[in-house]
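Notes follow once the structure below has been shown.
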Amino acid sequence: MEQVGVKKMSSSYVDAFQRVMEAEANPEQAVSMKRYMRDQFEFLGIPNPQSKVVTARFLKQHGVPDQTQLEEVVSRLWELPQREYQYYAINLLVRTVKHAPQERLQLVERLIVSKSWWDTVDALASNVIGPLLSKYPELIEASTSSWIHCENIWLQRTAILFQLKYKNKTDTRLLAAMIEECLDSKEFFLQKAIGWALREYSKTDPEMVRSFVESHPLASLSKREALKVINRFSFSRLDFPKPTY
């Protein structure tokens with residue numbers, strides 16, 4: 001399909017989605033949603049439960065763009081000011097990640113460093129980057145090394161979090177290496193990511209996480225987050241004396 005045709009079809013798809021979403025907009029709700037995100041992004045004011053219904057209805061009617069259109073559609077959605085459009089772009093990427101080509105990684109990297117905040121970055125890291133690198137493991141070493149050594153905290157956060165859903169397939173050597181590169185960071189979002197990654201993996205291997213925490217000078221935030229599940233489980237197994245009355 002010629003590039004002009006792709007752009008035209010992609011534009012029509014995005015225009016149709018805009019019309020549907022704008023019909024559901026709630027300006028009052030948009031104010032509170034914007035405030036929650038520290039006034040960094042505009043919103044249409046469509047809460048997530050309602051958005052799921054609207055997008056499901058749209059997908060039923062219009063479907064998911066094919067691979068020839070997807071990148072253009074996602075890029076156009078990302079350029080729109082309201083945050084709900086970025087959420088839908090991520091939705092499309094998640095739906096198509098199983099059959100995505102290697103080149104999709106380049107697109108997702110661009111999205112991570114554009115309009116960056118935890119809501120989009122975390123969804124892309126665990127739900128798109130994670131499956132992509134699982135599909136193309138030969139890309140892992142070069143990609144994660146590039147991300148963790150760059151100065152963009154969101155790419156660094158991605159390097160720490162992309163294995164979030166890997167469970168027993170987690171490369172613990174790599175996870176440890178990514179964390180160790182950021183141990184001296186004072187950045188809240190990196191300290192939080194370290195704790196979150198360790199906390200999630202503690203559901204699979206609590207002893208590994210406990211040992212790692214004990215042997216590394218983690219920030220208090222990271223340590224607290226890392227041990228949440230372990231401490232909760234330990235507390236629940238305590239044998240409390242029964243009352244004598």
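- Between the CG atom in Leu139 and the CD atom in Gln102 there is a gap of 4.5 Å [rounded to 0.5 Å].
- Among residues two or more places apart in sequence or in another chain, the side chain to side chain contact (heavy atoms under 4.5 Å, CB included) test is passed with Lys192 by Arg157, Phe188, Leu221, Glu225.
- Expressed to the nearest 0.5 Å, how far CD1 of Ile179 lies from CG of Leu190 amounts to 11.0 Å.
- For the pair Leu70 and Leu92, the minimum side-chain heavy-atom distance is below 4.5 Å.
- In this structure, Arg110 pairs ionically with Glu71, as a charged nitrogen and a carboxylate oxygen lie closer than 4.0 Å.
- Taking CG of Leu198 as the reference point, atom CG of Asp205 lies at 11.0 Å (rounded to 0.5 Å).
- For the residue pair Trp78 and Ser114, the shortest heavy atom distance occurs at NE1-O, 3.1 Å.
- Residues Leu105 and Tyr136 have side chains not in contact (no heavy-atom distance under 4.5 Å, counting atoms from C-beta outward).
- No side-chain donor-acceptor contact under 3.5 Å links Ser134 to the backbone of Pro131.
- Between His216 and Phe212, the angle of the ring planes stays under 30°, which puts this pair in the parallel group of the 30/60° scheme.
- Taking OG from Ser12 and NE2 from His62, the interatomic distance works out to 10.5 Å, rounded to the nearest 0.5 Å.
- Side-chain contact between Ser202 and Ile230 is present, with at least one heavy-atom pair separated by less than 4.5 Å.
- Put simply, the residue from Asp122, Val94, Val97, Asn91 that forms a side-chain contact (heavy atoms from CB on, under 4.5 Å) with Asn127 is Val94.
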#### Entry: salt bridge (charged side-chain N to carboxylate O under 4.0 Å, His left out) between Glu24 and Arg57, worked out
CA-CA 13 Å; Glu24 302 287 335; Arg57 191 165 60 233; 3.6 Å; yes

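- Aromatic ring centroids of Trp196 and Tyr201 lie 6.0 Å or more apart.
- The closest side-chain heavy-atom distance from Gln67 to Arg104 is below 4.5 Å.
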### Task
Check the pair Leu175, Asp171 against side chain to side chain contact (heavy atoms under 4.5 Å, CB included), reporting the backbone distance first and the verdict last.
CA-CA 6 Å; Leu175 176 61; Asp171 182 340; over 6 Å; no

### Trace of the side chain to side chain contact (heavy atoms under 4.5 Å, CB included) decision for Thr170 with Thr204
CA-CA 9 Å; Thr170 300; Thr204 299; over 6 Å; no

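- Two residues are said to be in side-chain contact when any heavy atoms from C-beta on lie closer than 4.5 Å; Phe43 and Met37 meet this criterion.
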### Task
Evaluate the side chain to side chain contact (heavy atoms under 4.5 Å, CB included) criterion for residues Phe17 and Leu77: first the C-alpha distance (whole Å), next the side-chain angles of each, then the deciding distance (0.1 Å), finally the verdict.
CA-CA 9 Å; Phe17 185 66; Leu77 288 166; 4.0 Å; yes

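- Distance CG/Asp119 to CD1/Ile90: 7.0 Å, rounded to 0.5 Å.
- Between Tyr88 and Tyr13, the two ring planes are parallel [angle under 30°; tilted spans 30° to 60°].
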### Message
Using side chain to side chain donor-acceptor pair (under 3.5 Å), reason through Asn48 and Tyr87 one step at a time and then give a plain yes or no.
### Response
CA-CA 10 Å; Asn48 192 47; Tyr87 298 156; over 6 Å; no

### Task
Take Arg95 and Leu59, measure what side chain to side chain contact (heavy atoms under 4.5 Å, CB included) needs, and give me the verdict at the end.
CA-CA 11 Å; Arg95 288 174 177 273; Leu59 283 166; 3.3 Å; yes

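- A salt bridge does not link Arg83 to Glu42: none of the charged side-chain nitrogens sits closer than 4.0 Å to a carboxylate oxygen.
- Contact annotation: the side chain of His149 never approaches that of Ser146 to less than 4.5 Å [non-hydrogen atoms, C-beta and beyond].
- A salt bridge does not link Glu200 to Lys228: none of the charged side-chain nitrogens sits closer than 4.0 Å to a carboxylate oxygen.
- With hydrogens and angles disregarded, no donor-acceptor distance shorter than 3.5 Å links the side chain of Ser211 to the backbone of Glu207.
- With a 6.0 Å radius and a threshold of 12 heavy atoms from other residues, nucleotides or ligands, Glu180 has its CD atom above the threshold.
- One finds no salt bridge joining Arg210 and Glu214 here, because no Lys/Arg side-chain nitrogen approaches an Asp/Glu carboxylate oxygen to under 4.0 Å.
- Taking the side chain as every heavy atom from C-beta outward, Leu44 and Asn26 never approach each other to under 4.5 Å.
- At distances below 3.5 Å, not a single donor-acceptor pair connects side-chain atoms of Ser143 with backbone N or O atoms of Ile140.
- Residue Asp39 qualifies as enclosed at atom CG: its count of foreign heavy atoms under 6.0 Å is above 12.
- Dense packing is recorded around CD of Glu138, with more than 12 heavy atoms of other residues, nucleotides or ligands lying under 6.0 Å away.
- Separating the OG1 atom in Thr158 from the CD1 atom in Ile112 is a distance of 3.5 Å, to the nearest 0.5 Å.
- Under a 3.5 Å cut-off, the side chain of Thr120 and the backbone N or O of Ser116 do not form any donor-acceptor pair.
- More than 12 heavy atoms of other residues, nucleotides or ligands sit less than 6.0 Å from atom NZ of Lys135.
- Under a 3.5 Å cut-off, the side chain of Gln191 and the backbone N or O of Ser185 do form a donor-acceptor pair.
- No side-chain heavy atom of Arg76 sits less than 4.5 Å from a side-chain heavy atom of Val73.
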